[in-house]
Amino acid sequence: MNGSGKNRILFLMENGLFYPQDSIAALATPWGESALAVIRVSGTGSLGLLDSLFRPASPSLDGLQSAEGHTIHRGAIAVSAPGQQSETVDEVLVAVYRGPRSFTGEDGAEVFCHGSPLIVRRVLGLLAERGFRFAGPGEFTLRAFLNGKLDLTQAEAVNELVRAKSDRARAIALNRLSGAIEQTIERIKQTVVRLSAAIELGLDYGEDEIEAGDGLAEDREAARCQEELERLLATYRIGRLYQEGISVVLAGRTNSGKSTLFNRMLREDRAIVSEVHGTTRDYLEAVVILEEVPIRLYDTAGFRERAEGVEAEGMRRTDSIVANADLILYLVDGETGLTDQDREFLRARAGAGRTIPVWNKIDTGQTGCPEGFVAVSAREGRGLESLSRRIAEKVLEGAGSVDAGEPIIDSLRQKGLLERALAGIRDFRAGLSGGQPLDVLAVDLKEALDALGEITGEVTSQDILNQIFSRFCVGK
Ligand SMILES: Nc1nc2c(ncn2[C@@H]2O[C@H](COP(=O)(O)OP(=O)(O)OP(=O)(O)O)[C@@H](O)[C@H]2O)c(=O)[nH]1
Ligand SMILES: [Mg+2]
């Protein structure tokens with residue numbers, strides 16, 4: 001394939017679901033039928049190539065190549081072999097985009113065709129024959145970045161938006177997509193640049209160090225940068241919380257009602273419930289959203305003294321899930337009351353603050369709920385609201401608070417770079433008060449500037465780009 005052909009990419013998106021296919025052959029795997037499929041193409045010359053397959057319904061359209069940006073055209077995907085009548089593959093709509101006013105910044109199109117796998121495979125095959133190839137993960141966004149449509153924090157936000165599991169996570173990602181982080185970084189950077197210029201000026205005049213008492217204004221500016229960086233860094237925990245969520249495990253002795261509570265929280269009859277001890281053998285996993293926080297909820301095999309074979313293996317799995325969980329809901333059967341095993345479990349974890357003890361089956365009339373337990377009836381759905389509140393309290397504990405509209409980071413990459421920038425600023429301030437020579441101070445500021453530039457992608461390397469975009473779904 002020639003070089004310009006490589007430049008054109010295509011992708012298939014069906015009902016909002018992404019199919020990471022990297023070859024046409026992979027499409028032999030059937031997937032569910034759907035009403036609509038969207039095939040995106042982007043790149044120099046892509047409209048011309050697509051045009052060779054497109055027969056417009058309206059004779060007034062000269063072809064996609066002459067179509068303006070942000071227009072949509074009805075027609076058919078059709079092929080004609082020499083000497084034969086042309087064959088219509090599907091009736092479609094084609095949305096035309098023109099660079100630079102397109103998502104990628106390049107010319108491109110979206111083909112809306114009927115969602116049958118047969119049709120999609122056929123159209124993709126035809127496009128591939130004409131020189132298109134499949135897009136890599138995040139390649140559309142990578143191109144948008146390379147063409148200056150987005151900075152790196154916005155590119156990362158695209159992925160976060162696609163993956164957002166709760167409304168809050170969506171709002172945070174959307175804020176980032178609008179450039180909120182970039183603007184904050186830009187502001188800090190300008191201050192650092194001003195500071196650097198002042199130091200450079202001193203160096204130009206042949207000074208070695210700042211006279212005692214002279215660096216006050218510089219220190220004040222640096223302190224402001226430091227504060228802003230610290231504030232942004234502090235939002236990381238909350239950002240992670242809403243984007244990634246936490247894991248919560250239901251643990252307790254057999255028959256305490258874990259599976260019943262699991263089903264209640266899911267509002268779905270997922271786990272088998274029975275009065276037989278040891279009903280749940282393997283763990284079950286599901287995602288629920290609680291107070292806007294995505295929660296991976298686990299139902300586990302119950303504890304009991306004598307467990308053998310499959311059940312013993314189930315308990316080993318329970319142990320490992322419990323050990324790794326962010327939060328444990330420990331259920332006690334109120335009817336049988338606390339056993340030694342319960343006491344031991346709760347005592348062992350009392351200090352860790354990761355456990356909420358739950359007293360179940362309050363509908364049976366028993367009244368022995370000990371202090372500190374949340375009283376519920378999983379069967380009747382009583383007490384679930386206070387349980388949710390307790391979970392939310394625990395989850396948000398220590399995550400800090402943020403103002404509405406404040407930029408929130410949630411990328412480990414951004415966090416690492418912010419820390420580097422912060423270290424540079426701190427070193428600069430320490431050096432300033434310690435009477436360090438100007439060239440040392442200049443190096444500290446340079447370090448901070450480099451880190452800030454990497455956050456927005458001003459300075460970047462192929463490795464970093466690969467790392468970021470490989471985490472994307474194909475098609476974004
Ligand atoms: N009365 C009453 N019975 C309950 C309640 N919750 C669960 N049960 C009953 O207790 C029995 C055990 O419930 P499960 O949810 O299967 O208990 P489990 O903890 O998952 O048990 P294992 O999977 O064996 O560890 C079932 O007969 C449930 O119907 C409740 O709130 N009140
Ligand atoms: Mg169970």
Side-chain angles (χ1 to χ4, degrees), residues 246-288 290 295-350 354-392 394:
I246 60 159
S247 59
V248 175
V249 52
L250 292 163
R253 289 172 49 78
T254 54
N255 241 35
S256 54
K258 300 177 295 297
S259 299
T260 310
L261 186 58
F262 183 76
N263 290 342
R264 270 275 165 212
M265 291 175 77
L266 255 58
R267 298 196 177 88
E268 189 185 323
D269 248 345
R270 178 79 67 86
I272 299 174
V273 167
S274 91
E275 69 289 347
V276 178
H277 285 256
T279 302
T280 307
R281 296 296 183 89
D282 208 343
Y283 66 88
L284 294 173
E285 189 183 344
V287 174
V288 288
L290 212 146
I295 287 183
R296 245 167 307 118
L297 189 66
Y298 294 91
D299 179 22
T300 59
F303 300 118
R304 116 166 119 167
E305 275 93 23
R306 273 199 309 279
E308 289 171 352
V310 181
E311 203 181 345
E313 175 55 29
M315 279 174 57
R316 261 192 295 282
R317 293 182 185 195
T318 301
D319 285 340
S320 106
I321 293 173
V322 164
N324 292 311
D326 295 310
L327 191 61
I328 302 158
L329 303 185
Y330 190 83
L331 262 73
V332 173
D333 181 342
E335 241 184 344
T336 28
L338 275 172
T339 65
D340 286 345
Q341 209 179 359
D342 294 329
R343 286 197 191 87
E344 197 185 314
F345 184 97
L346 290 169
R347 201 179 315 118
R349 283 170 178 76
R354 286 197 302 130
T355 307
I356 299 176
V358 181
W359 192 258
N360 190 25
K361 308 195 187 181
I362 51 169
D363 56 287
T364 56
Q366 38 82 15
T367 51
C369 179
E371 171 105 23
F373 279 63
V374 182
V376 303
S377 163
R379 182 184 276 176
E380 296 188 351
R382 278 158 60 186
L384 292 191
E385 274 177 26
S386 19
L387 182 60
S388 292
R389 261 200 310 278
R390 270 288 278 282
I391 296 173
K394 276 263 188 242

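Counting convention: from 1, in listed order, for ligands and their atoms alike. Only heavy atoms go into these numbers, but all of them, side chains included; no hydrogens, no water, no symmetry mates.
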S.K.: State whether the side chain of Asn324 and the backbone N or O of Ile321 hold a donor-acceptor pair below 3.5 Å, judged by distance alone.
M.R.: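 Such a contact is absent between Asn324 side chain and Ile321 backbone.
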S.K.: Does any N/O atom on Thr364 come nearer than 3.5 Å to any N/O atom on ligand 1?
M.R.: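 No, Thr364 has no N/O under 3.5 Å of an N/O on ligand 1.
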S.K.: Looking only at N/O atoms, are Ala378 and ligand 1 under 3.5 Å apart anywhere?
M.R.: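 Yes; at least one N/O pair falls below 3.5 Å.
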S.K.: Go through ligand 1 atom by atom and flag the ones less than 4.0 Å from a non-hydrogen atom of Ser377.
M.R.: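 Close to Ser377: 31 (O).
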S.K.: Measure the distances from the heavy atoms of Thr300 to every atom of ligand 1 and state whether one is below 4.0 angstrom.
M.R.: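 In this structure, Thr300 fails to qualify as a contact of ligand 1 - no heavy atom is under 4.0 Å.
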S.K.: Got Arg354 and Asp326 here, is their nearest side-chain heavy-atom distance under 4.5 Å?
M.R.: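 Side-chain contact under 4.5 Å: no.
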S.K.: Does Lys361 offer a backbone N or O that forms a donor-acceptor pair with the side chain of Ser377 under 3.5 Å?
M.R.: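 Not confirmed, Ser377 side chain does not pair with Lys361 backbone.
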S.K.: Within the distance-only criterion (no hydrogens, no angle test), does the side chain of Ser259 pair as donor or acceptor with the backbone N or O of Val273 below 3.5 angstrom?
M.R.: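 Checked: no pair found.
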S.K.: Would you mind listing which atoms of ligand 1 come within a distance below 4.0 Å of any non-hydrogen atom of Val276?
M.R.: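 Per the distance check, 24 (O).
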S.K.: Please say whether Gly278 places an N or O atom under 3.5 Å from an N or O atom belonging to ligand 1.
M.R.: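 Min N/O separation from ligand 1 is below 3.5 Å for Gly278.
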S.K.: Identify, for atom 25 (O) of ligand 1, the protein heavy atom at the shortest distance, and state residue, atom and that distance.
M.R.: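 Looking only at protein heavy atoms, the one closest to atom 25 (O) of ligand 1 is Lys258 NZ, 2.8 Å.
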S.K.: Can you name the atoms of ligand 1, numbered from 1 with element, that are less than 4.0 Å from a heavy atom of His277?
M.R.: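 In order of number, 24 (O).
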S.K.: Should Leu261 and Leu384 count as side-chain neighbours, where that means a heavy-atom distance under 4.5 Å?
M.R.: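 Yes - at least one pair of side-chain heavy atoms lies under 4.5 Å apart.
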S.K.: Just to confirm my output: which protein heavy-atom neighbour is closest to atom 10 (O) of ligand 1, and how far is it?
M.R.: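 The closest one turns out to be Lys361 NZ, 3.0 Å.
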S.K.: Among all protein heavy atoms, pick the one closest to atom 15 (O) of ligand 1 and tell me residue, atom and distance.
M.R.: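 It is Thr260 OG1, 2.5 Å.
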S.K.: For Leu284, does its backbone N or O pair with a side-chain atom of Asp299 as donor and acceptor, under 3.5 Å?
M.R.: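 Such a contact is absent between Asp299 side chain and Leu284 backbone.
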S.K.: Apply salt bridge (charged side-chain N to carboxylate O under 4.0 Å, His left out) to residues Glu344 and Arg347 and explain how you reach the verdict.
M.R.: CA-CA 5 Å; Glu344 197 185 314; Arg347 201 179 315 118; over 6 Å; no
S.K.: Under 3.5 Å, side chain of Asn360 to main-chain N/O of Val332, donor-acceptor pair present?
M.R.: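 No; zero donor-acceptor contacts below 3.5 Å.
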S.K.: Taking only heavy atoms of Ser259 into account, list the atoms of ligand 1 that are under 4.0 Å away from them.
M.R.: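 Those qualifying, in numeric order: 15 (O), 18 (P), 20 (O).
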S.K.: Decide yes or no for Leu329 and Val249: does some side-chain heavy atom of the first lie under 4.5 Å from some side-chain heavy atom of the second?
M.R.: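 No - every pair of side-chain heavy atoms lies 4.5 Å or more apart.
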S.K.: Which residue supplies the protein heavy atom nearest to atom 21 (O) of ligand 1, what is that atom called, and how far is it?
M.R.: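 Ranking protein heavy atoms by distance from atom 21 (O) of ligand 1, first comes Asn255 N, 2.9 Å.
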S.K.: Among all protein heavy atoms in this structure, tell me which lies nearest to atom 6 (N) of ligand 1, with the distance rounded to 0.1 Å.
M.R.: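 I find the closest protein heavy atom is Asn360 ND2, 3.2 Å.
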S.K.: Hey, does the side chain of Lys258 reach the backbone of Tyr298 with a donor-acceptor pair shorter than 3.5 angstrom?
M.R.: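 Checking the backbone N and O of Tyr298 against the side chain of Lys258, no donor-acceptor pair under 3.5 Å is found.
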S.K.: Report the relative orientation of the aromatic rings in Tyr330 and Phe303; use parallel for angles under 30°, tilted for 30 to 60°, perpendicular for over 60°.
M.R.: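 Ring orientation of Tyr330 relative to Phe303: parallel.
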S.K.: Could you tell me the residue and atom name of the protein heavy atom closest to atom 32 (N) of ligand 1, and the distance to it rounded to 0.1 Å?
M.R.: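 Checking every protein heavy atom, the shortest distance to atom 32 (N) of ligand 1 gives Asp363 OD1, 2.7 Å.
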S.K.: Distance alone, cut at 3.5 Å: any donor-acceptor contact between the side chains of Ser256 and Asp333?
M.R.: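 Not at all, the side chains of Ser256 and Asp333 share no donor-acceptor pair under 3.5 Å.
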S.K.: Taking the cut-offs as 6.0 angstrom to the six-membered ring centre and 45 degrees off its axis, would you call Arg264 and Phe262 a cation-pi pair?
M.R.: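 Here Arg264 fails the 6.0 Å and 45° test against Phe262.
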S.K.: In terms of residue, atom name and distance, what is the protein heavy atom nearest to atom 17 (O) of ligand 1?
M.R.: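 For this ligand atom, the closest protein heavy atom is Gly257 N, 3.1 Å.
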S.K.: Indicate yes or no: does an N/O atom of Ala301 lie under 3.5 Å from an N/O atom of ligand 1?
M.R.: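 Checking ligand 1 against Ala301, no N or O pair falls under 3.5 Å apart.
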S.K.: Just to be sure I'm reading this right: ignoring hydrogens, which of Ser274, Ala251, Gly252 gets closest to atom 16 (O) of ligand 1? Compare them by their nearest heavy atoms.
M.R.: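 It is Ser274 whose heavy atom sits nearest to atom 16 (O) of ligand 1.
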S.K.: Would you say the side-chain atoms of Glu335 pair up with the backbone N or O of Gln366, donor to acceptor, closer than 3.5 Å?
M.R.: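 Such a contact is absent between Glu335 side chain and Gln366 backbone.
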S.K.: No waters, cut-off 2.8 Å: how many protein N, O or S atoms are close to the Mg ion (ligand 2)?
M.R.: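 For the Mg ion (ligand 2), protein nitrogen, oxygen or sulfur atoms under 2.8 Å: 2.
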S.K.: Near Gly302, which atoms of ligand 1 are under 4.0 Å from a heavy atom of that residue?
M.R.: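 Matching atoms, with element in brackets: 25 (O).
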S.K.: Please list the nearest protein heavy atom to atom 29 (O) of ligand 1 with its residue and the distance rounded to 0.1 Å.
M.R.: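 It is Arg379 NH2, 3.0 Å.
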S.K.: Do any N or O atoms from the side chain of Asn255 and from the backbone of Glu275 form a donor-acceptor pair under 3.5 angstrom?
M.R.: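 Yes.
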